[in-house]
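As a basis for the values below, the full set of heavy atoms in this structure was taken, side chains included, without hydrogen atoms, waters or symmetry mates. Numbering of residues begins at 1 and proceeds along the displayed sequence.
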Amino acid sequence: MAATSISATGLCCSSSFIGGWGSSVAGEDYALLAARPAAVQVGGGKAVRFRPMMKNVNEGKGVFAPLVVVTRNIIGKKRFNQFRGKAIALHSQVITEFCKSIGADGKQRQGLIRLAKKNGERLGFLA
């Protein structure tokens, strides 16, 4: 139990809490997270934010990856991403209809969609 005292001059907190917030709240990586700047000043004083990198760990790997890369280079990145989005949406609809026909609930459906995404990454469709 922590002991807290209030003095007449203001709030004075003394407790028996051992350790710091860095190790108790965010784990050992807190110092690394806190040390990273939120923005960098570039040129005329305008701040530029860091963007998180979302990258496929299997990029360039898989049986279909070369075909996907060549197709993306031929038709262009914008059209390719539109086509890929439509294909993914259609595949998700097929999975949803399959789940309806066998009586699977929403949680099982989401699991099947995640499995399809993992398999697509492994095969190279998401390269």
Item to complete: Applying side-chain contact (heavy atoms from CB on, under 4.5 Å) between F80 and each of V69, I75, N73, report the one that passes.
Response: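 It is I75, the one option of V69, I75, N73 that forms the side-chain contact (heavy atoms from CB on, under 4.5 Å) with F80.
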Fill in: Cluster overlap I95 with L90, hydrophobic side-chain contacts below 4.5 Å
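Shared cluster, no.
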Fill in: Cluster check I113, F98: I/L/V/M/F/W/Y, side chain < 4.5 angstrom
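Yes; F98 is reachable from I113 via cluster members.
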Distance (rounded to the nearest 0.5 Å) between [X] [atom1] and [Y] [atom2]:
{"X": "K77", "Y": "Q82", "atom1": "NZ", "atom2": "CD", "value": "13.5 Å"}
{"X": "S92", "Y": "Q110", "atom1": "OG", "atom2": "CD", "value": "8.5 Å"}
{"X": "Q93", "Y": "T96", "atom1": "CD", "atom2": "OG1", "value": "7.5 Å"}
{"X": "R72", "Y": "F83", "atom1": "CZ", "atom2": "CZ", "value": "14.0 Å"}
{"X": "L67", "Y": "F125", "atom1": "CG", "atom2": "CZ", "value": "8.5 Å"}

Worksheet item: Is there a donor in the side chain of N81 and an acceptor in the side chain of R84, or the other way round, less than 3.5 Å apart?
Response: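 On atom types as modelled, these side chains do not qualify, holding no pair under 3.5 Å.
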Fill in: Nearest heavy atoms of V68 and A127, plus distance in Å
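Nearest heavy atoms, V68 then A127: CG1-O, 3.7 Å.
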Fill in: Non-hydrogen atoms of K117 and L126 that approach each other most closely
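The answer is O-CD1, 3.8 Å.
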Worksheet entry | Donor-acceptor contact present, side-chain Q108 to main-chain D105, <3.5 Å |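 Between the backbone of D105 and the side chain of Q108 there is a qualifying donor-acceptor contact (under 3.5 Å).
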Worksheet item: Hey, are K118 and E121 close enough for a salt bridge, meaning a charged N less than 4.0 Å from a carboxylate O?
Response: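 No, this pair does not count.
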